[in-house]
Visitor: 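Here you go, one structure.
Only a predicted model underlies this, so the values are computations on that prediction, with no experimental measurement involved.
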Amino acid sequence: MFNRRRIAPDMPGLRITKFGGMAPINSDHSLPKHMAVVAENVDLSRHTLRPWRAPAKVAEGAGRALWREECCTLTFDDCHASVAYAAINCGRVFATDTGHGYPVTAKVADACAGTWCRLGFPCGIPAPVAAAPAPAAFADNIHRRQLRSYVYRLRNAFGEMSQPSPASIEVEVDSTAVVTVTGIPAAFPGWCVEAVLIYRSEQELTYGADKQDIDGSFFLIGEVPLGTTDFSDDPAAVQPEDELDGEEFDEPPANLRFVRYWGDAQLSGLAGDALVFSLKHHYHAWPSRLAVTFHSTPRAWVVGKSTGYVLTDGSPAIVALKGDCEGGNCHQVRELDDKHPIVSIRSAVTYNDHAIYATKDGLLMISPAGQCQLLTDDYFARDQWQALEPWTMVGVVHDGHYFGFCRGQAIRLRIPDNVYEKPADIGLTTLTLLPSAVYRSDSDELYLLLADGVHQWNAGTTFMTLRWRGALLDMPAITAFAAYKVMHTNGDVTVRHWCDDELVDIEVVDSNLPQRLPLVSGLDWQAEIQTRGEVREFHIASSVRDLAQGAG
């Protein structure tokens with residue numbers, strides 16, 4: 001079985017006490033000897049080989065999209081479902097592509113119970129009808145009459161107000177007359193409307209030399225619960241209150257997708273080929289004048305604290321918040337000159353106001369200033385990147401690393417910054433976990449949607465099995481390694497050795513004592529370590545004595 005050759009005496013060994021990650025762009029021969037060809041399920045933060053904890057199951061769930069905050073877990077069948085979270089005022093969520101056919105919203109507890117409201121208000125509500133007795137006969141300059149008209153608006157469960165209805169036809173009445181307002185719909189299914197507010201406009205007509213119209217504004221005169229279809233306006237009992245505001249807006253687009261919450265209390269999202277916005281603090285109001293269109297077709301929309309990115313099939317666009325909102329427009333839009341089409345919508349994330357997403361050439365990061373960097377350029381050649389099938393990638397950022405889950409493999413890649421600065425030699429590892437959806441919560445927990453439910457990353461009571469295969473030991477002459485040792489704790493270690501591409505030894509090592517190898521010689525040696533424990537040293541040498549002396 002083994003390839004026996006002449007043994008070259010006194011050849012040096014190899015001792016690794018600082019383990020590295022992967023750099024597939026380098027050949028197995030050219031890798032530094034502490035680097036890996038395979039670094040799977042391994043935490044290298046201490047430069048030892050430690051496995052990640054197995055994910056801990058925290059909730060049931062199935063689907064292709066995930067959201068979890070405040071112990072509330074939501075899963076959706078549509079992989080493009082999106083949830084925006086406004087944490088203020090007891091928490092409120094907004095969601096699109098959830099199977100309803102339109103954007104929905106709810107308080108967190110209600111959303112968790114599956115009780116959603118349609119975002120916004122219905123358009124085209126009918127005008128009310130005003131009816132009053134005919135005015136009495138009068139003499140010039142003695143009897144006063146009024147022209148009255150009425151509108152109503154809706155208030156929902158979140159205290160938001162709709163646009164006013166069309167005005168009723170004016171009725172001419174005595175100033176003390178009671179007017180009955182009817183024609184108010186009894187229900188608005190799905191919209192979570194709770195009350196109807198009634199507004200009156202009155203114009204006092206003075207007949208004679210001083211005839212004049214005094215006021216045509218609408219003022220609040222009453223409120224009725226939903227289901228009440230009429231209202232009696234008795235001037236003797238009703239005192240007009242707030243004036244109806246004149247802000248005009250549109251309802252949220254029914255085809256809204258990628259809904260996002262900005263730090264300035266504003267919602268945003270894509271609708272068709274446009275980027276659309278709500279008014280600040282008015283999540284139901286989406287003025288069409290704020291919409292922005294682009295030269296390339298928008299595919300995804302992600303936001304940071306003050307910068308958003310429209311990722312397209314051509315040039316990406318950067319959207320920055322303006323502090324002054326001059327002219328009512330709070331956004332400044334700039335399209336980049338370079339073409340960087342996104343290949344996986346679900347790969348797109350933001351990190352420290354930078355956008356990160358998969359392109360055909362690699363994982364691209366764009367800064368708010370428009371600077372672009374391929375994060376994978378030092379790790380993957382283009383054909384290696386394509387072999388990952390990046391068009392299947394689902395991405396998330398956690399603890400300074402980008403987790404990219406593809407169809408058959410997952411990568412964990414260090415993102416360059418000053419917060420989680422780490423040496424480059426542990427920048428890339430892989431994972432065997434392949435969730436259908438991922439989510440990083442506001443409390444900085446990473447959740448994975450696996451086949452049996454929702455799991456929290458690295459939080460279980462057991463450990464995953466790590467696998468680390470080192471660089472190829474390209475010896476200067478034919479060499480026979482006779483022994484090795486693995487310094488380890490907390491679990492047995494399975495060690496495999498190859499010589500000239502032939503597997504020559506497999507051993508389960510349960511101690512830190514030297515282990516002997518078969519009498520085999522060759523030029524190219526390679527070792528693989530597999531364990532659920534921790535390995536702090538690997539040493540291979542031409543004799544047991546060299547191991548005892550720490551040679552190499």
Side-chain angles (χ1 to χ4, degrees), residues 86 88-95 100 102-132 148-171 178-202 216-252 254 265 267 278-287:
I88 59 175
N89 295 328
C90 299
R92 184 175 170 188
V93 293
F94 310 85
H100 293 86
Y102 45 77
V104 292
T105 184
K107 293 289 188 181
V108 172
D110 292 332
C112 205
T115 303
W116 293 93
C117 302
R118 185 167 180 173
L119 181 61
F121 291 93
C123 61
I125 57 179
V129 176
R148 291 192 204 167
S149 183
Y150 295 85
V151 300
Y152 64 91
R153 66 194 309 189
L154 312 176
R155 189 181 71 225
N156 64 17
F158 310 101
E160 296 165 335
M161 301 292 185
S162 73
Q163 289 274 61
S165 69
S168 67
I169 296 175
E170 291 180 330
V171 292
V178 176
V179 177
T180 301
V181 181
T182 60
I184 304 171
F188 299 91
W191 298 94
C192 293
V193 174
E194 290 189 342
V196 179
L197 283 68
I198 313 297
Y199 293 80
R200 177 216 296 161
S201 172
E202 60 183 34
S217 300
F218 286 91
F219 292 86
L220 179 64
I221 59 171
E223 177 182 318
V224 295
L226 183 67
T228 303
T229 58
D230 56 72
F231 177 83
S232 293
D233 175 22
D234 182 356
V238 172
Q239 181 66 37
E241 300 179 27
D242 298 334
E243 183 177 2
L244 181 66
D245 62 68
E247 180 69 54
E248 294 185 0
F249 54 82
D250 300 297
E251 65 176 323
L267 294 181
S278 76
L279 294 175
K280 285 188 176 184
H281 304 287
H282 293 78
Y283 308 125
H284 61 292
W286 296 69

Visitor: Provide the full list of salt bridge (Lys or Arg N to Asp or Glu O under 4.0 Å) pairs with a residue in residues 182-191, sequence neighbours left out, each pair given once.
Guide: none

Visitor: Among all residues two or more places apart in sequence or in another chain, which pass the disulfide bond (SG atoms under 2.5 Å apart) test with C117?
Guide: C192

Visitor: Measuring from S165:OG to L197:CG, what's the distance to the nearest 0.5 Å?
Guide: 11.5 Å

Visitor: Rounded to the nearest 0.5 Å, how far apart are CD1 of I198 and OH of Y152?
Guide: 8.5 Å

Visitor: How far apart are the closest heavy atoms of S232 and V178, and which atoms are they?
Guide: CB-CG1, 4.3 Å

Visitor: Taking salt bridge (Lys or Arg N to Asp or Glu O under 4.0 Å) as the test, write out the residues that go with R118, two or more places apart.
Guide: none

Visitor: Taking the side chain as everything from C-beta on, heavy atoms only, tell me whether L119 gets closer than 4.5 Å to H100.
Guide: no

Visitor: Does some side-chain heavy atom of R200 sit less than 4.5 Å from a side-chain heavy atom of V179?
Guide: no

Visitor: side-chain contact (heavy atoms from CB on, under 4.5 Å) for F188 and L154? Distances and angles first, verdict last.
Guide: CA-CA 10 Å; F188 299 91; L154 312 176; 3.7 Å; yes

Visitor: Do you know which two heavy atoms are closest between S162 and F249, and how far apart they sit?
Guide: C-CZ, 4.1 Å

Visitor: List for me each residue that meets ring pair (Phe, Tyr, Trp, His ring centres under 6.0 Å) alongside Y199, sequence neighbours excluded, and say none if there are none.
Guide: none

Visitor: Do R153 and L244 have side chains that get closer than 4.5 Å, going by heavy atoms?
Guide: yes

Visitor: Could you tell me the separation between the SG atom of C123 and the CD atom of Q163, rounded to the nearest 0.5 Å?
Guide: 10.5 Å

Visitor: For a 4.5 angstrom cut-off between non-hydrogen side-chain atoms, does D233 reach V238?
Guide: yes

Visitor: Using the ring of F158 (Phe, Tyr or Trp, six-membered ring only), decide whether R92 places NZ or CZ under 6.0 Å from its centre and within 45 degrees of its axis.
Guide: yes

Visitor: Indicate the atoms forming the closest heavy-atom contact of G91 with K107, along with that distance.
Guide: O-CD, 3.3 Å

Visitor: Suppose the criterion is side chain to side chain donor-acceptor pair (under 3.5 Å): which pairs have a residue in residues 180-191, not counting sequence neighbours?
Guide: none

Visitor: Heavy atoms, side chains only, cut-off 4.5 Å: are I221 and F231 in contact?
Guide: yes

Visitor: Can you list everything that forms a ring pair (Phe, Tyr, Trp, His ring centres under 6.0 Å) with H282? Sequence neighbours excluded, please.
Guide: H284

Visitor: Should V171 and R148 count as side-chain neighbours, where that means a heavy-atom distance under 4.5 Å?
Guide: yes

Visitor: Evaluate side-chain contact (heavy atoms from CB on, under 4.5 Å) for S149 paired with F218, printing each intermediate quantity in order.
Guide: CA-CA 8 Å; S149 183; F218 286 91; 4.1 Å; yes

Visitor: To check you understand the geometry: which heavy-atom pair defines the closest contact between L279 and P287, and what is its length?
Guide: CD2-CG, 3.4 Å

Visitor: Check I125 against P122 and note the closest heavy-atom contact, atom names and distance.
Guide: CG2-O, 3.9 Å

Visitor: Would you mind reporting whether Y283 and P103 have side-chain heavy atoms less than 4.5 Å apart?
Guide: no

Visitor: How close do T228 and D230 get, heavy atom to heavy atom, and via which atoms?
Guide: CG2-O, 3.3 Å

Visitor: Could you tell me the separation between the CZ atom of R155 and the CZ atom of F121, rounded to the nearest 0.5 Å?
Guide: 9.5 Å

Visitor: Looking at side-chain heavy atoms only, is the closest gap between V93 and V108 below 4.5 Å?
Guide: yes

